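Comments concern the structure below.
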Amino acid sequence: MIVILIVCVAFNGAFDGKFLSGNNINILISHAILPTFTAWGMCFVFACDYTDMSIGSIIILAANAAGILGSTALGYPGVILGGIVTGMVLMTLNFLIFVYTKIPSWIAGIGMAMVYEAIAFFYSSRQLAKGSTIAQLESEMRKLAKPPYIYIIFVIGLILAYTIYNRTEIGLNIRALGNGIRLSESMGIKTARTIICVGIICGFFVGCSAFLNESYSARINAKTGLTSLSMIFQPMAAYMLAQVLQTRINIIIGIPLCSLFVYGIFNMLTFLGIPSGTLQEAVLGVIVIVFGILAQRKETRVVK
């Protein structure tokens, strides 16, 4: 932590105080909150030893649902409900498939990602054929991604994630599943119900991420060819680093701190003149690999 602070202060001095300016810090925190909600959702998924690669595509669909409902008379309730309800429904559907088909979750997740991408592309194509654009929020409907509202949403999300993960029976059962289904069943845990609950809980946080992304960007374009996977790389990096640090800090609290750290790296790259896109994505790929190695350095068994 001290090393990070020293680097930040030195970097700030090199750029005439712009890096640690009030405006830039506000931008850093706001941007870090978006992947934080996704990482919280992934935290519950990974805790029970499942892997779902369709989360990025679900965010796209949920964000568009938020945009569609937010553009109607429903207003802000439509933005919030559109994102959360869509996220919860699709994630629950995924986990129902995982439970009852017995298909490995990473395989089924990739398949569902392709399905969700196709749905988003079909919707986008239909809108284009009609001479319209995909769901887009007007500027007056995008306050949820701006202070102070985004901070209020973050605090609510932090309290819910921390409480569910650490202070509830379902959170304990979810973490117990990570030790194996057979062992969990021998402990009296209803594994099928618990796994489906993971989908519901993850869907809630993914839905929050979706309406925040829609509020920030105004619209989220469809992606094809599994390119929606790129939307989970930054949250995954934050999660993996938080996993490394969880012996010192609770993983739910660690995730937003690590998300801020990861986004801070991107912000530094921008200051250095490295354009967003391929080069910064390459750096993100290296971060994911390094954090993944650190997170699994004490594992003696095969990990996903």
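Keep in mind it's a predicted model, so treat the numbers as computed, not measured.
Once rounded to the nearest 0.5 Å, the distance linking CD1 of Ile164 with CG of Leu172 reads 14.0 Å. Atoms CG and CZ, from Asn24 and Phe19 in turn, are 6.5 Å apart once rounded to the nearest 0.5 Å. We find the CZ-CG distance between Arg219 and Asn64 to be 10.0 Å, quoted to the nearest 0.5 Å. Residue Asn250 holds its CG atom at 11.5 Å from CG of Leu245, rounded to the nearest 0.5 Å. The distance from the CG atom of Asn213 to the CG atom of Leu34 is 5.0 Å, given to the nearest 0.5 Å. To the nearest 0.5 Å, atom SG of residue Cys48 and atom CZ of residue Phe98 are 9.5 Å apart.
Tracing side-chain contacts under 4.5 Å through hydrophobic residues (I, L, V, M, F, W, Y), one reaches Tyr165 starting from Ile253; they form part of the same cluster. Linking ILVMFWY side-chain heavy atoms closer than 4.5 Å, directly or via other members, places Leu257 and Ile255 in a single hydrophobic cluster. Both Met141 and Ile84 belong to a single network of hydrophobic side chains, linked directly or stepwise wherever heavy atoms of I, L, V, M, F, W or Y lie under 4.5 Å apart. With hydrophobic clusters built from ILVMFWY side chains whose heavy atoms lie under 4.5 angstrom apart, Ile119 does not share a cluster with Leu128. In the hydrophobic clustering of ILVMFWY residues, with side-chain heavy atoms under 4.5 Å counting as a link, Ile249 and Ile252 come out together.
The side-chain heavy atoms of Leu226 and Met114, taken from C-beta on, include a pair separated by under 4.5 Å. Between Ile200 and Met91 there is no side-chain heavy-atom pair separated by less than 4.5 Å. No side-chain heavy atom of Met53 sits less than 4.5 Å from a side-chain heavy atom of Met112. Side-chain contact between Ile59 and Tyr116 is absent, with no heavy atoms from C-beta onward closer than 4.5 Å. Here the side chains of Asn173 and Ser184 are not in contact, with every heavy-atom distance at 4.5 Å or above. Using a 4.5 Å cut-off on side-chain heavy atoms (C-beta onward), Ser209 and Pro35 make no contact. A 4.5 Å side-chain heavy-atom check between Ile33 and Pro256 finds every atom pair outside the cut-off. Residues Glu214 and Val79 are not in side-chain contact: their nearest non-hydrogen atoms beyond the backbone lie 4.5 Å or more apart.
Heavy-atom minimum distance, Ile60 versus Asn221: CG2-O, 3.9 Å. When all heavy atoms are compared, the tightest approach of Gly157 to Phe205 is O-CE2, 3.7 Å. Here the closest heavy-atom approach between residue Cys258 and residue Ala238 is recorded as CB-O, 3.5 Å. Across all non-hydrogen atoms, the minimal contact from Ala161 to Phe44 is O-CZ, 3.9 Å. Closest approach of Gly83 to Ala66, counting heavy atoms only: N-CB, 3.8 Å. Between Met268 and Cys8 the shortest heavy-atom distance is CE-SG, 4.1 Å.
Residues satisfying the side-chain hydrogen bond (donor to acceptor under 3.5 Å, both in side chains) test with Gln246, not counting sequence neighbours, are none. Ser54 pairs by the side-chain hydrogen bond (donor to acceptor under 3.5 Å, both in side chains) definition with Asp52, Asn94, not counting sequence neighbours.
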For this session: Before giving the answer on side-chain contact (heavy atoms from CB on, under 4.5 Å), spell out for Ile195 and Leu177 the whole-Å C-alpha distance, their side-chain angles and the decisive distance to 0.1 Å.
Result: CA-CA 8 Å; Ile195 293 171; Leu177 279 175; 3.7 Å; yes
Problem set entry | Intermediate values then yes/no, side-chain contact (heavy atoms from CB on, under 4.5 Å), Tyr50 and Val198 | CA-CA 10 Å; Tyr50 275 70; Val198 173; over 6 Å; no
For this session: Evaluate the criterion ring pair (Phe, Tyr, Trp, His ring centres under 6.0 Å) for residue pair Trp40 and Phe204; output intermediate values, then yes/no.
Result: CA-CA 10 Å; Trp40 278 334; Phe204 172 81; over 10 Å; no
Exercise. Run the side-chain contact (heavy atoms from CB on, under 4.5 Å) check on Ile251 and Tyr239 step by step: do they pass?
Worked result: CA-CA 8 Å; Ile251 192 168; Tyr239 165 80; 3.6 Å; yes
Exercise. Yes or no on side-chain contact (heavy atoms from CB on, under 4.5 Å) for Ile150 and Leu144, after CA distance, side-chain angles and deciding distance?
Worked result: CA-CA 6 Å; Ile150 192 170; Leu144 294 177; over 6 Å; no
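Residues Ser228 and Glu117 have side chains that bring a donor and an acceptor to within less than 3.5 angstrom of each other.
Ring pair Phe11/Phe15: centre-to-centre distance below 6.0 Å.
Surrounding CD of Glu169 are at most 12 heavy atoms belonging to other residues, nucleotides or ligands under 6.0 Å away. Atom OH of Tyr76 has more than 12 neighbouring heavy atoms from other residues, nucleotides or ligands inside a 6.0 Å radius.
Other members of the hydrophobic cluster containing Leu69, listed by chain and number, are Leu74; membership follows side-chain contacts under 4.5 Å among ILVMFWY residues, whether direct or relayed.
Under a 3.5 Å cut-off, the side chain of Ser124 and the backbone N or O of Phe121 do not form any donor-acceptor pair. With hydrogens and angles disregarded, no donor-acceptor distance shorter than 3.5 Å links the side chain of Thr227 to the backbone of Lys223. Listed for the Thr101 side chain is a donor-acceptor partner under 3.5 Å among the backbone atoms of Ile103. Looking only at distances, a side-chain donor or acceptor of Ser105 sits under 3.5 Å from a matching main-chain atom of Thr51.
The cationic atom of Arg142 (NZ for Lys, CZ for Arg) does not lie both less than 6.0 Å from the six-membered ring centre of Tyr216 and within 45° of the ring axis.
Between Tyr263 and Phe266, the ring planes are tilted. Angles from 30° to 60° get that label.
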